[in-house]
Amino acid sequence: MWRYSSWISILTCLSLSFFHASCDEDPLLGSARVVFQTNYGDIEFGFYPDVAPKTVEHIFRLVRLGCYNTNHFFRVDKGFVAQVADVVYGRSAPLNDKQREHGEKTIVGEFSKVKHVRGILSMGRHSDPNSGGSSFSMLLGDAPHLDGEYAIFGKVTKGDETLRKLEELPTRREGIFVMPKERITILSSYYYDTEAESCEQEISTLKRRLAATAMEVERQRMKCLP
């Protein structure tokens, strides 16, 4: 006959197994997708709204306002991270008032148990855990030392070949940062919903609109040059 302690041991093991299995599962992606069109190819990513809802809302608002257009990746550390610059300082085109208002906002740190592995999106910040703004990293490899220290809010869904191109670019070291020797520009960005009935038509329309917008932004930028 089984003793009471034996049943407790079995139940404990089952509970721990379920817990570890749950922890190992990927968080659910929302239906929204964002595409950064760079001069080295496109990168698409999705969000984890159940993991970092405030961060997701913040970044998606910046995307919808076009804040990342003409911005760049200021850091590419092979096997570690490709980091997008803060939109306030990283764009080649000036921000309008609405873009600057949201670009200067910071977000509370939403730290989780999700692991930093290749493809994960992780918020940049200063020493203050609640200082995340618009700069974020796309992981180029596993980085367990970042787990629980930086807010994870999504992952790359397409464009790993583009990230691999970025990893092969010549770099220079500046302090703790490994930086590309040439500018990796986010020419434009667009977003779509994977649950939309006419996704392909929607994407095609957005691409045409953004191409026109990018041309207009460049014209305005040239006007501002001395």
Side-chain angles (χ1 to χ4, degrees), residues 18-38 42-69 71 73 81-88 98-99 101-126 128-140 142-144 146-160 162-163 186 188-200 202-203 205-207 210:
F18 176 79
F19 175 77
H20 288 304
S22 299
C23 288
D24 290 340
E25 292 176 359
D26 287 337
L28 290 176
L29 278 171
S31 59
R33 295 291 182 274
V34 170
V35 179
F36 282 174
Q37 297 178 295
T38 82
D42 292 358
I43 304 170
E44 179 190 281
F45 56 88
F47 298 109
Y48 292 146
D50 294 334
V51 173
K54 293 180 180 178
T55 306
V56 169
E57 181 182 1
H58 175 66
I59 295 295
F60 198 31
R61 172 71 67 86
L62 292 171
V63 170
R64 293 199 304 271
L65 288 171
C67 292
Y68 289 101
N69 298 344
N71 197 19
F73 287 82
V81 297
Q83 188 168 354
V84 178
D86 186 298
V87 300
V88 175
K98 194 71 172 177
Q99 289 172 329
E101 176 188 347
H102 288 277
E104 291 178 344
K105 287 183 177 179
T106 55
I107 190 73
V108 63
E110 295 180 296
F111 308 115
S112 67
K113 293 183 179 180
V114 182
K115 304 299 183 185
H116 282 78
V117 297
R118 186 177 179 90
I120 281 293
L121 307 183
S122 180
M123 283 296 289
R125 65 173 177 84
H126 302 295
D128 181 350
N130 300 318
S131 60
S134 56
S135 178
F136 65 90
S137 295
M138 298 180 181
L139 272 288
L140 301 176
D142 297 352
L146 301 181
D147 292 345
E149 299 293 328
Y150 294 85
I152 288 174
F153 64 94
K155 73 173 183 179
V156 173
T157 50
K158 292 180 184 177
D160 191 62
T162 300
L163 292 180
I186 300 170
S188 62
S189 61
Y190 65 90
Y191 59 92
Y192 69 97
D193 195 309
T194 57
E195 295 178 354
E197 292 181 359
S198 55
C199 254
E200 292 304 319
E202 183 180 346
I203 293 171
T205 301
L206 282 168
K207 281 184 175 179
L210 283 163

Rounded to the nearest 0.5 Å, what's the gap from [atom1] on [X] to [atom2] on [Y]? Could you check?
| X | Y | atom1 | atom2 | result |
| --- | --- | --- | --- | --- |
| Thr38 | Ile43 | OG1 | CD1 | 5.5 Å |
| Asp128 | Thr106 | CG | OG1 | 7.5 Å |
| Leu62 | His102 | CG | NE2 | 8.0 Å |
| His116 | Leu139 | NE2 | CG | 5.5 Å |
| Phe73 | Leu163 | CZ | CG | 7.0 Å |
| Asp147 | Ile152 | CG | CD1 | 6.0 Å |

Quick check: does any side chain N or O of [X] sit under 3.5 Å from a backbone N or O of [Y], one acting as donor and the other as acceptor?
| X | Y | result |
| --- | --- | --- |
| Thr162 | Asp42 | yes |
| Ser131 | His126 | yes |
| Gln83 | Gly124 | no |
| Arg125 | Ile107 | no |

Closest approach of [X] and [Y], non-hydrogen atoms and distance?
| X | Y | result |
| --- | --- | --- |
| Arg118 | Leu140 | NH1-O, 2.5 Å |
| Val34 | Tyr191 | CG2-CB, 4.1 Å |
| Ser134 | Gly103 | OG-O, 4.4 Å |
| Asn71 | Asp86 | OD1-O, 3.9 Å |
| Arg33 | Glu44 | CD-OE2, 3.6 Å |
| Ser31 | Asp193 | OG-OD1, 3.0 Å |

query = Taking everything shown except Glu101 itself, do over 12 heavy atoms lie less than 6.0 Å from its CD?
reply = yes
query = Can Asn69 and Ser189 be counted as having a side-chain donor-acceptor contact under 3.5 angstrom?
reply = yes
request  = Give the C-alpha distance, both sets of side-chain angles, the deciding distance and a yes or no for salt bridge (Lys or Arg N to Asp or Glu O under 4.0 Å) between Asp142 and Lys115.
outcome  = CA-CA 8 Å; Asp142 297 352; Lys115 304 299 183 185; over 6 Å; no
query = Going by the angle between their ring planes, with limits at 30° and 60°, are Phe136 and Phe36 parallel, tilted or perpendicular?
reply =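 It falls in the tilted class, 30° to 60°.
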ask   = Who passes salt bridge (charged side-chain N to carboxylate O under 4.0 Å, His left out) against Arg64, sequence neighbours left out?
value = none
Any side-chain heavy-atom pair of [X] and [Y] under 4.5 Å:
| X | Y | answer |
| --- | --- | --- |
| Val87 | Gln99 | no |
| Phe153 | Met123 | yes |
| Tyr48 | Leu29 | yes |

